[in-house]
Amino acid sequence: MLLQQSSLFESMNKQGFEEIVFFSDPKTGLKSIVAIHDTTLGPALGGTRIWNYRSEAEALSDVMRLARAMTMKAAGAGLNLGGGKAVIIGDPERIKSENLLRSYGRFIETLGGRFITGEDVGTSLEDVRVIASETKYVTGVKYDPSPFTAYGVFHGIKACLDYLYGDRSMEGIHVAIQGLGKVGFELAKLLLDEGAKLTVTDIDGRKVKACIDIGGECIEYVESKRIYSVECDVFSPCALGGVINDSTVKRLKCRIVAGAANNQLENERHGEILSEMGIVYAPDFIINAGGLITVANEYMHGDVDIRMLKKEIEKIGDRLGRIFRMAESMPDSSGNPMSAARAAEIFAFERIEKISEMKNIYIP
Ligand code: NAD
């Protein structure tokens, strides 16, 4: 656990954290940690997660991990935003109340806009609206990000097909989708519209039925355990994190892994294994940034021009192409290409480094 291994300041310095704030309000039971990782590109943006952590140290580790990931995601998406995240400790079913959320909103207001927040695990749109009654530093209240995340994943898949087959067409392409929730279902519709055939799975049978109702013969269902070994062009994880791990990676019979789920690789090594297996991997924080691009636009402009927004999200495909080429051009000492996951991290942090150099100039 983070606090036991090294001092908090050592950890912050090592991982490049700017600020960690602890909010406590015994009257409402609020215990919250806000981690602001890097604001070189702009204010830190990240959702507020309410979770029943086993310890405060676990909550701190989680908020730091998630905040750093947001820095990479915003930088990789070309946004002028930094990375941050907030957690509220406790079981959302038990601790959530209007006064706790409003108390939290007042604390967020004290950060003066260095941190902007929104929905996450354990918080709903309704909760964000309550938080927004006390602070202007919230977003994701007007537009549901999920269809835009799906739109970005769709364009990311096209970029992967182009890289591998030299053709972006979906006609006859076989995609296996794991998870038909808010993103997976929208993605299925986009793919079907362009002639793809699908194999789908979800632990919720109603979602599978609804998908088969719209796709008919173009859709086949498999039990959730069998989705990894489906012979297909694209495996699209749209349910959970950590799905590419020691037990699943050897079963994959796809040419591409490209989906919406966060933290798809159990660890960095699995990105390397995919690369060694010749499977094209679309790094998750690049391909699933459509929702973040949407809430960032909502924050900056209030009302969003959907046509312009979609154009911005389509650029996810171009970014993936650049990352794949970057990975090829940086082989390791044995001549193997760098994994796309590693190349994506370098791509994101390079932008931050370049902007931080440029900001050395004093503007009177
Ligand atoms: P969701 O909760 O609406 O959908 C997840 C679906 O996965 C559910 O239908 C659930 O029944 C299914 N599922 C859970 N475990 C499964 C299993 N073992 N096998 C098959 N299906 C399973 O979530 P969502 O908003 O669609 O997001 C999907 C993923 O994408 C999540 O990992 C999320 O963190 C990530 N993501 C979402 C967004 C967004 O805009 N919603 C943005 C970025 C990343």
Side-chain angles (χ1 to χ4, degrees), residues 45-49 51 62 65-66 69-70 72-74 76-77 79 81 83 85 92 118-125 128 139-157 175-191 198-212 219-230 235-245 247-248 251 257-266 282-298 304 309-310 313 316 344:
L45 191 146
T48 297
R49 178 166 293 197
W51 191 254
D62 202 35
R65 179 181 66 83
L66 295 165
M70 287 305 296
M72 288 200 298
K73 194 162 175 170
L79 295 166
L81 287 171
K85 198 84 181 182
E119 205 180 327
D120 201 81
V121 175
T123 47
S124 64
L125 195 59
V128 178
T139 186
V141 184
K142 282 189 188 166
Y143 300 91
D144 175 5
S146 306
F148 297 103
T149 301
Y151 189 69
V153 173
F154 176 71
H155 281 276
I157 291 176
V175 184
I177 306 181
Q178 179 185 47
L180 297 168
K182 294 191 290 287
V183 179
F185 199 87
E186 282 301 318
L187 176 64
K189 287 199 278 189
L190 292 168
L191 292 167
L198 309 181
T199 299
V200 299
T201 193
D202 197 293
I203 48 170
D204 183 340
R206 288 166 305 180
K207 292 182 180 166
V208 175
K209 184 176 175 309
C211 197
I212 289 175
I219 300 198
E220 199 184 318
Y221 159 76
V222 288
E223 251 183 85
S224 62
K225 284 194 297 251
R226 288 191 42 225
I227 195 76
Y228 301 102
S229 47
V230 171
F235 169 51
S236 186
C238 294
L240 313 160
V243 291
I244 308 294
N245 54 46
S247 104
T248 60
R251 283 148 61 196
V257 173
N262 283 315
N263 307 316
Q264 290 167 33
L265 305 176
E266 193 176 68
D284 46 22
F285 68 89
I286 301 286
I287 193 170
N288 74 12
L292 176 65
I293 295 171
T294 307
V295 298
N297 271 275
E298 179 186 320
V304 171
L309 174 66
K310 282 183 151 180
I313 293 173
I316 286 175

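Numbering of ligands and ligand atoms starts at 1, following listing order.
- The backbone and the side chain of N262 each have at least one atom closer than 4.0 Å to an atom of ligand 1 (non-hydrogen atoms only).
- Between L292 and L45, the closest side-chain pair of non-hydrogen atoms falls below 4.5 Å.
- By the 3.5 Å distance cut-off applied to N or O atoms, S146 is counted among the residues near ligand 1.
- Taking atom 26 (O) of ligand 1 as the reference point, the nearest protein heavy-atom neighbour is V183 N, 2.8 Å.
- In terms of polar-atom proximity, G184 is not counted as a contact of ligand 1, lacking any N or O under 3.5 Å from an N or O of the ligand.
- The closest protein non-hydrogen atom to atom 11 (O) of ligand 1 is D202 OD1, 2.6 Å.
- Some N or O of T149 is nearer than 3.5 Å to an N or O of ligand 1, by distance alone.
- In this structure, G291 does not count as a contact residue of ligand 1, since none of its heavy atoms falls inside 4.0 Å of the ligand.
- Considering both main-chain and side-chain atoms, D204 never comes within under 3.5 Å of ligand 1 through any nitrogen or oxygen pair.
- Within the 4.0 Å heavy-atom shell around ligand 1 one finds C238.
- The shortest N/O to N/O separation between S224 and ligand 1 does not fall below 3.5 Å.
- Shown in contact with K207 at under 4.0 Å from a heavy atom are these atoms of ligand 1, numbered in order with element: 8 (C), 9 (O).
- Side-chain N/O atoms of N245 and T248 include a donor and acceptor closer than 3.5 Å.
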